[in-house]
Amino acid sequence: MLLRRGVNTAGALRIDVLSMLLLTASAIIGVFVRPHPLTVLVVVFIGAVGAGPRLCTGRPWSPADAITAARLGIITICTAAMIFQPGLSWTAVTLAASALLLDAGDGFVARRTVVTAAGEAFDERVDALFVLILSVSLVPLWGPWTMLPGLYYYGFKAITSLRARWQQKLPHSRVRKIVAAAQGILLVTAGSPLAQAHTWLGCTAAGIALTALTWSFARDIIWLERGASRPAISDATKIRTP
């Protein structure tokens, strides 16, 4: 139910408009930052993958959704700033850090206003998309293996759609959340100018991110494969990137 703690219909409409304005403005700024046909394609891709499914639900947007939209907008501008250059500039690092900080904000606001399944899925998709973008940006620096953290989520989702055992709800795990939060920090560090100047730092940060994510996925997959007979656990997971 959308109406809760003072979030009325008129307020929801204002949030919808604000969210659309944020997404539109970020797309325009992204193209302005790096004017090129490829930038347009990238901006459209980010909007379609990140916000498209949320828009298709037709449900009113919550305050937390507006924050997630702002985060997606920052990610769009950050990605535009990274096109045609290996790794991240200090400008891109600053934008990426801002997006990571907002990631904590949408959950905080959701718990104090309204929590919706559409909003949780929106937040999850934006998180996964950002990890994918950061992973791809590291390929020119450290090699194709850095793409794996970004591909795990989509591979997991693809298999989940085909395998019934993987469709169980995972139990709450603080470790999973820590690994998820650490992905962005580690990948931004791995692509930063500091890491570009010190190869050991970039490879170490990217390696830790991949190792932690591989372990987290493996642990959950083992639980899912062994837990077909267990009752479903109702705790909703925030993101399926760890």
Side-chain angles (χ1 to χ4, degrees), residues 2 4-34 39-40 42-83 88-134 137 150 153 177 180-185 187-188 191 238-241:
L2 177 64
R4 180 178 143 190
R5 301 187 185 182
V7 181
N8 53 34
T9 303
L13 179 59
R14 289 194 293 269
I15 293 170
D16 287 1
V17 173
L18 174 62
S19 300
M20 294 305 101
L21 287 174
L22 289 170
L23 292 173
T24 303
S26 65
I28 294 172
I29 294 172
V31 174
F32 179 79
V33 166
R34 194 77 67 182
T39 306
V40 176
V42 169
V43 166
V44 171
F45 172 79
I46 292 174
V49 174
R54 179 65 183 88
L55 292 169
C56 291
T57 64
R59 298 178 183 275
W61 289 43
S62 69
D65 290 337
I67 295 177
T68 305
R71 185 156 56 92
L72 181 60
I74 294 174
I75 291 170
T76 300
I77 299 171
C78 177
T79 305
M82 292 190 296
I83 294 178
L88 285 72
S89 64
W90 283 119
T91 298
V93 169
T94 301
L95 290 169
S98 300
L100 293 175
L101 287 174
L102 278 180
D103 189 21
D106 53 14
F108 178 85
V109 171
R111 289 189 294 272
R112 285 156 180 77
T113 53
V114 57
V115 179
T116 66
E120 290 181 340
F122 182 31
D123 177 65
E124 178 181 300
R125 281 191 297 270
V126 171
D127 286 345
L129 180 60
F130 195 28
V131 171
L132 175 63
I133 291 168
L134 292 173
S137 73
Y153 170 86
K177 290 184 176 182
Q183 287 299 299
I185 298 172
L187 294 176
V188 169
K238 176 181 178 293
I239 178 177
R240 188 37 287 163
T241 54

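Any value given below was found using the heavy atoms of this structure, including those in side chains, with hydrogens, waters and symmetry copies removed.
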Checklist line | Atom of L102, atom of I67 and distance for their closest heavy-atom approach | finding: O-CG2, 3.8 Å

Check: To the nearest 0.5 Å, what is the distance between OG (S137) and CD1 (I83)?
Finding: 11.5 Å

Notebook entry, point to check: Could you go step by step and tell me if M82 and I133 meet the side-chain contact (heavy atoms from CB on, under 4.5 Å) rule?
Noted result: CA-CA 10 Å; M82 292 190 296; I133 291 168; 3.6 Å; yes

Margin query: Please give me the minimum heavy-atom distance between I75 and A99, naming the atom from each residue.
Written below: CG1-CB, 3.9 Å

Compile the donor-acceptor pairs under 3.5 Å between side chains in residues 18-25 and protein atoms, sequence neighbours left out, one pair per line.
unit_1: S19; atom_1: OG; unit_2: I15; atom_2: O; d: 2.9
unit_1: T24; atom_1: OG1; unit_2: M20; atom_2: O; d: 2.8

Check: Taking only residues two or more places apart in sequence, or in another chain, which ones meet V49 in a side-chain contact (heavy atoms from CB on, under 4.5 Å)?
Finding: F45, L129, Y154

Check: Looking at CD1 of I46 and CD1 of I77, how far apart are the two atoms once the value is rounded to the nearest 0.5 Å?
Finding: 10.0 Å

Item checked: By ring pair (Phe, Tyr, Trp, His ring centres under 6.0 Å) - contacts of F130 (at least two apart) -> none

Margin query: Using 0.5 Å steps for rounding, measure from the CZ atom of R71 to the CG atom of D127.
Written below: 4.5 Å

Checklist line | side chain to side chain donor-acceptor pair (under 3.5 Å) involving T76 - partner list, sequence neighbours excluded | finding: none

Show me the donor-acceptor pairs within less than 3.5 Å that the side chains of residues 88-98 make with the rest of the protein, sequence neighbours left out.
unit_1: S89; atom_1: OG; unit_2: T91; atom_2: N; d: 3.4
unit_1: S89; atom_1: OG; unit_2: A92; atom_2: N; d: 3.2
unit_1: T94; atom_1: OG1; unit_2: W90; atom_2: O; d: 2.9
unit_1: S98; atom_1: OG; unit_2: T94; atom_2: O; d: 2.9

Next item on the list: List the steps, then state whether side-chain contact (heavy atoms from CB on, under 4.5 Å) holds for L55 with W61.
Entry: CA-CA 9 Å; L55 292 169; W61 289 43; 3.4 Å; yes

Checklist line | Value rounded to 0.5 Å, distance of CG in D123 from CG in D103 | finding: 5.5 Å

Note to self: Just to verify, what does L101 make a side-chain contact (heavy atoms from CB on, under 4.5 Å) with, not counting sequence neighbours?
What the structure shows: none

Next item on the list: Could you name each residue pair satisfying salt bridge (charged side-chain N to carboxylate O under 4.0 Å, His left out) that touches residues 46-62, not counting sequence neighbours?
Entry: R54-D65

Item checked: Least distance between heavy atoms, F122 atom then A69 atom -> CE2-N, 3.9 Å

